[in-house]
Amino acid sequence: MAPGIVEPAVPQESSHSLSSLTGAYDDTLRFYLNGTKVVLDSADPEVTLLEYLRGIGLTGTKLGCAEGGCGACTVVISQFNPTTKQIYHASVNACLAPLVSVDGKHVITVEGIGNVKRPHPAQERIAKGNGSQCGFCTPGIVMSLYALLRNDSDPSQHDVEEAFDGNLCRCTGYRPILDAAQSFSIERVCGKAKANGGSGCCKDGVDSGDGDSQPIKRFTPPGFIDYKPDTELIFPPALRKHEFKPLAFGNKRKRWYRPVTLQQLLEIKSVYHSAKIIGGSTETQIETKFKGMNYSVSVFVGDISELRQFSFQDGYLEIGGNVVLTDLETICKDAIKHYGEVRGQPFAAILKQIRYFAGRQIRNVGTPAGNLSTASPISDLNPVFVASNATLIAKSLDEATEIPISAFFKGYRTTALPPDAIIASIRIPAAKEKGEYMRAYKQAKRKDDDIAIVNAAMRVTVDESQVVESVDLVYGGMGPITIAAKNAMVFLRGKKISELKTLEGVMSALEEDFDLRFGVPGGMATYRKSLALSFFYKFYHEVLIQLNTEEAQVDAQAIGEINRDISFGLKDHKAAEAYTQKILGSERPHVAAMKQCTGEAQYTDDIPLQKNELYGCLVLSTKAHAKLISVNPEPSLDLSGVVTWVDHHDLASPEANWWGAPSCDEVFFAVDEVCTAGQPIGMILADTAKRAEMAARSVEIEYEDLPAIFTIEEAIEKESYFSHFRYIKKGDVEKAFAEADHVFTGIARMGGQEHFYLETQACLAVPKLEDGEMEIFSSTQNPAETQAYVSKVTGVPANKIVSRVKRMGGGFGGKETRSIQLAGIVATAAKKVRRPVRCMLNRDEDIMTSGQRHPFLARWKVAVNKDGKLQALDADVFCNGGWSQDLSGAVVERAITHIDGVYSIPAIHVRGRVAKTNTVSNTAFRGFGGPQGMFIAETYMSEIADHLKIPVEKLREINMYTPETNMITHFNQELKDWYVPLMWKQVQEESNYAQRRQDIEEFNKTHKWNKRGLAIIPTKFGISFTALFLNQAGALVHIYHDGSVLVAHGGTEMGQGLHTKMTMIAAEALQVSQDNVHISDTATNTVANSSSTAASASSDLNGYAIWNACQQLNERLQPYREKLGPNATMKDIAHAAYFDRVNLSAQGFYRTPNIGYIWGENTGQMFFYFTQGVAAAEVEIDTLTGDWTCRRADIKMDVGRSINPAIDYGQIEGAFVQGQGLFTTEEMLWHRASGQIFTRGPGAYKIPGFRDIPQEFNVTLLKDVEWENLRTIQRSRGVGEPPLFMGSSVFFAIRDALKAARAEFGEYEILHLQSPATPERIRVSCADPILKRAWVEPREGEKSFFVAI
């Protein structure tokens, strides 16, 4: 970690003045928590609200990122709003909110609104609606919905759709959450709504004829609790009378003040200029948490009502500097009404920018003054303030100063604010009644809750002859500060705007203003420059339309942006009717869903503190490749609360430092050399997590840099590979190439993907005092391997180590092996100090240490005949393994087994290598190489179709495996129960694919800048571990006296519903209700030697093991069933059997039959079966900006006979959206200069959000077929991984749209589109004149700022 940056201590004279000034301040915090009064006489000024809540046992509120980007920590703070003079229930990020900010307010957590026995309707509907899978994000989502309902008990569908813009979920795909939430929307709850069987709601545009006097009759979906707003927690009456007193807290390290009047604030600033002013703490908390900043004096200004007022003046709106952005939205709406739409243009611009400004939780606390004072070069509001000629009123104790905001920004993060002044208010002029035009623009990687790549605000005034009188073209993201395009502005003044040469002149001037070099900080030089030009192009034509001029040719299609409709989706809930049994085959919620929705579900870091427990913080390498010259922990050991330093010297032996599977080539602690940034060097132990973090920054490390390799291309050039090499060869490839009509070559390239499970890696090690025993609570998919390596590092046999996992907050493969690293280090620390040790990684630490999906590169050559039939494939496939092998060999093996897609290719020769680089060690991730292999396949299919000038749908169809052509894969496995061709046909029919293809062609003919695309993608995914020995599972089933059943199996629950399916299997087998069956946790002392929960095989393996155990029990209990009759309960049967001394416990076992592939020989069966599917997707792109939306997706999966269709639908939707992220928004970047990963949190790394999912999202399961050859439990198919590749249908639809965009400007060259198709990649793949003039070429030797590995 970087050394902490500490401000100078308070000068003695300032300290004396400050203490005398604030000596009368109170030091007691008073607030309400879930309806109960709390009084704190000694509050730690550095504690966040989240830390306080979790510290007192309210662990339902989760830590997901610590930067306000994921929403897992959302709570509601009810307060009297001094701006609106009303009670407002604010959803807030508890990870950012200082504890001292809640004085006089009511804090409501997920535990405060309901519990399992009496849930709040929001909790119940999300749980029963299958809106919770892993559940880690769920409390935050529940609280965002709760906040919406508290502020408006009858929200519109649009309000509901936007309520979650500050929340992320990695499991569900969002559709079931939105469906549950929409049940509260006024359009759904009105008893008169047509959707509810009524004659028509007024919101439907129907006059009910009843007048306005009738109250709305609420419609509650069947089976759900009525929502009654009048039964909610009241705002405590005592708080209505709460006297806000000035507060002062502190310790030696930090002082925190809370003035309640402007005068008090100015007095503090007058005696201590450098006091840090805190409004929403959205920036400050990130600075202290991740950058090691320490502000010795902080002043919280959120409760100064004078700074939260506003007024409409004759020519301007004046807003208090500390008006929160949520209130600014309302104020701007009112301002537009007050001044009218024409004069209200500046406020409309602000409103537009706020809409996509962070999430609601941030907007509830963020302020304009905070935006201005932090002086971010990508602030969304600052360009609007500058362009509107707004003025800032700075106040100090002595004077008030007016500062034009155009002169406020002096340099990167520096401003003209006097050191003793604060931003009191901002005056924003209204526009002129005639001749003034203003607009704002923004482009980011993701539409909602994302920082801008480039934003802009543009204002122009023209006289009656359309000559420009004044102009402001102001940009963010184009320099170190909010910057005006000065050359363009100078050129435009005095020009007639409607003349075409005016547009050309401004565009040329903009090129001069923003002459970015290729290696510009922040990267994306061409894209950013093109956005600067495109934004003005849009603005120019918007102005011309407003002028209604006939002189100029108006490009009306350049105007506007892509807007989404309210999203919806359909599922076939009758898919399993034909085979549903008493329990199996029925739709049932996740067994822990209600606990997860009420915050009662326990995760690793929720386990109560153990006596004498310590916290660990990793000390990580900051270099990509270097010798370790020295490591000195002594400075950290002198700090308060620090106990010890742990490193490789504390292991049982030098050999114990080595770990890894299957190759033991990685060390827990670096010894003499570091091979990647983020490699653990040691761990600091302290009595609090915060102290451990602080101390970790003080460890002194000296390096000597060594050459580093980052990308696959660099590794190939330097021949840096691991020894693992695999190939598959079938048929005469050389002959096929010689005889084919065509031979095409190409390169397929795709980036990696961060798992972004909401719960980061976490571990608690509890040493016992006898025999070296230890209990390990770890968030892991692999308890058995955790046990094995903890045994190794502690030097005791495995029988003295118990590894446990109750549940994980997501895994996706990232906790299959990489969790071992943290568990081994924490166990080493616990053994050293003989005390419990806990560590939960911060999001940045997790991303730096835990690996990602492997980036891939393939060089392919394909032989094809004139009729489109593939003849041969030759390919070299490379994956970026990172600095150690981990599971990279197996990943590349699966990639080359899936490189055929669903296509029969007579001759194939493919080779797979693992590149060795100095990046984080890449690992398992949902799909495990399969998606990469199939992406290569669909890339060559797309490009071949373009070469042959035939529809790619036709090329795919004529080359599919079919019984009429060939059903044997290139690894010589026969395809059985093959339904891809059937689903291909059904999806096209059900989605009206052919008609939509025609509609899209017509749309693209008539739309110059917006283009639509359509793609349909098939998949087959092999189910089994490719390592034969892993295809086994054990289970233990106990029946107790009271008839209750306890099941233990080797699989772990990470949200995928495994425990739900396993309890259903046991209940069906034993003929009891599912409620009667319980799974406590997964532990190595109940089921030994388990395989990791992975490969989509866990239901197959563990399900059959449980079934096997239940069969044994049924055989023993059969005499008692016969004796006691059909009405006997399990309690009666078990009781009778017990008294006859019958064993009521059984151990089950299962191993997958008939598999065992031999590499090289190309013999033996690779997979037990294949899960199959087909997905079609339609997109629309804005080629001027790279913005896009998925308009529709239709997915059909063959999951065999589903054990639980509700769980399977959740897996399909979640996997699809995760796959969509992989192929579109999720881009992993490294900072070239430091060699460190840049995308290390939600601020820089963008997983899909609620409003990124398909607007129409339809999912069905294949039905009305027979699965004659499927020999699995219930004849079901594994479903966790296979649907992920379906998300690529969005990528290939984008490619389809891009082909139309390129053709618009005469570009017909084959498009080589890399994954992910980010907005940047979409824009730079176009061929329009604006892009060409914005193109930036690297100068000799110049390299990009970021590296995509």
Side-chain angles (χ1 to χ4, degrees), residues 175 557 562-572 574-575 868 902 938 941-942 945-946 948-960 962 979-1019 1172-1183 1188-1198 1212-1213 1216 1220 1223-1224 1253-1264 1283 1286-1304 1311 1317:
R175 184 69 266 146
Q557 292 182 0
I562 294 174
N563 287 309
R564 284 175 59 94
D565 293 328
I566 302 299
S567 64
F568 67 96
L570 300 172
K571 301 184 186 75
D572 179 5
K574 297 183 178 180
V902 299
E938 296 304 342
M941 293 298 284
S942 299
D946 292 349
L948 296 177
K949 294 181 171 54
I950 63 172
V952 68
E953 294 88 349
K954 180 183 176 185
L955 185 71
R956 289 183 176 120
E957 190 169 332
I958 65 176
N959 283 290
M960 283 181 188
T962 61
Y979 294 118
V980 165
L982 173 63
M983 289 188 287
W984 177 266
K985 182 168 178 271
Q986 289 180 351
V987 168
Q988 291 191 70
E989 290 171 354
E990 292 166 11
S991 67
N992 201 14
Y993 191 88
Q995 181 59 51
R996 285 165 59 211
R997 171 59 74 190
Q998 288 182 22
D999 294 345
I1000 284 170
E1001 287 175 1
E1002 286 303 310
F1003 178 92
N1004 289 341
K1005 285 177 187 174
T1006 57
H1007 289 75
K1008 180 179 179 182
W1009 298 108
N1010 280 30
K1011 299 294 182 183
R1012 290 179 181 171
L1014 189 63
I1016 180 167
I1017 298 291
T1019 189
Q1172 307 147 41
V1174 174
E1178 179 183 338
V1179 303
E1180 182 175 338
I1181 64 173
D1182 179 345
T1183 62
W1188 65 278
T1189 186
C1190 182
R1191 291 169 48 80
R1192 178 172 174 175
D1194 296 84
I1195 310 165
K1196 188 178 287 285
M1197 290 297 299
D1198 174 10
I1212 294 165
E1213 290 169 329
F1216 179 91
Q1220 176 187 306
F1223 293 107
T1224 57
I1253 66 172
Q1255 294 180 47
E1256 181 177 348
F1257 197 178
N1258 304 317
V1259 187
T1260 56
L1261 304 180
L1262 180 66
K1263 60 183 180 181
D1264 302 328
M1286 301 285 79
S1288 73
S1289 59
V1290 176
F1291 174 93
F1292 288 103
I1294 289 172
R1295 185 182 185 278
D1296 186 55
L1298 280 170
K1299 283 170 56 184
R1302 290 157 66 87
E1304 179 77 39
L1311 172 60

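In what follows, every heavy atom counts, from backbone to side chain, and hydrogens, waters and symmetry copies are set aside.
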Does N1258 form a side-chain contact (heavy atoms from CB on, under 4.5 Å) with R1192? I'd like the steps, not just the answer.
CA-CA 8 Å; N1258 304 317; R1192 178 172 174 175; 3.8 Å; yes
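- Taking both residues in full, the closest heavy atoms of N563 and Q1255 are given as O-NE2, 4.4 Å, listed atom of the first, atom of the second, then distance.
- Across every non-hydrogen atom of T962 and P981, the tightest pair is CG2-CG, 4.3 Å.
- Considering all non-hydrogen atoms of both residues, S567 and R564 come closest at CB-NH2, 3.7 Å.
- Here Q988 pairs with E957, W984, Y993, I1016 under the side-chain contact (heavy atoms from CB on, under 4.5 Å) rule; sequence neighbours left out.
- Using a 4.5 Å heavy-atom cutoff, the side chains of W1188 and V1290 are in contact.
- Among residues two or more places apart in sequence or in another chain, the side-chain contact (heavy atoms from CB on, under 4.5 Å) test is passed with E989 by K985.
- For D1296 (side chain) and L1014 (main-chain N/O), a donor-acceptor pair under 3.5 Å exists by modelled atom type.
- Rounding to the nearest 0.5 Å places CD of E953 at 12.0 Å from CD1 of I958.
- Two residues are said to be in side-chain contact when any heavy atoms from C-beta on lie closer than 4.5 Å; D1194 and E990 fail this criterion.
- Within the cation-pi definition used here (under 6.0 Å to the ring centroid, within 45° of the axis), R1012 qualifies as a partner of F1003.
- Side-chain contact check for E938 versus R956: some heavy-atom pair is nearer than 4.5 Å.
- Considering only heavy atoms from C-beta on, D1198 stays 4.5 Å or farther from L982 through its side chain.
- In this structure, the side chains of S991 and R996 come closer than 4.5 Å at one or more pairs of heavy atoms.
- Here the CZ atom belonging to R1191 is positioned 7.5 Å from the CD1 atom belonging to I1000, to the nearest 0.5 angstrom.
- Using modelled atom types, no side-chain atom of K1196 and backbone atom of L1262 make a donor-acceptor pair closer than 3.5 Å.
- With sequence neighbours excluded, the residues that form a side-chain contact (heavy atoms from CB on, under 4.5 Å) with Q557 are D555, H1007, K1008, W1009.
- In this structure, the separation between CD1 on I1181 and CD1 on I1294 is 7.5 Å, given to the nearest 0.5 Å.
- Note that CG of D1182 is 5.5 Å distant from CD1 of I562, once rounded to the nearest 0.5 Å.
- Atom NZ in K1005 sits 12.0 Å away from atom CD in E1304 (nearest 0.5 Å).
- When all heavy atoms are compared, the tightest approach of I1017 to M1286 is O-CE, 3.5 Å.
- Using a 4.5 Å cut-off on side-chain heavy atoms (C-beta onward), V902 and M941 make no contact.
- Residues L1311 and D946 fail the side-chain proximity criterion, which asks for heavy atoms closer than 4.5 Å.
- Rounding to the nearest 0.5 Å gives a distance of 5.5 Å between CZ of F1216 and SG of C1190.
- For S1289 against A1175, the heavy-atom pair with the smallest separation is CB-O, 3.8 Å.
- Closest approach of L948 and G868 over heavy atoms only: CD1-CA, 4.1 Å.
- E1213 has its side chain out of reach of I1253: every pair of non-hydrogen atoms, C-beta onward, lies at least 4.5 Å apart.
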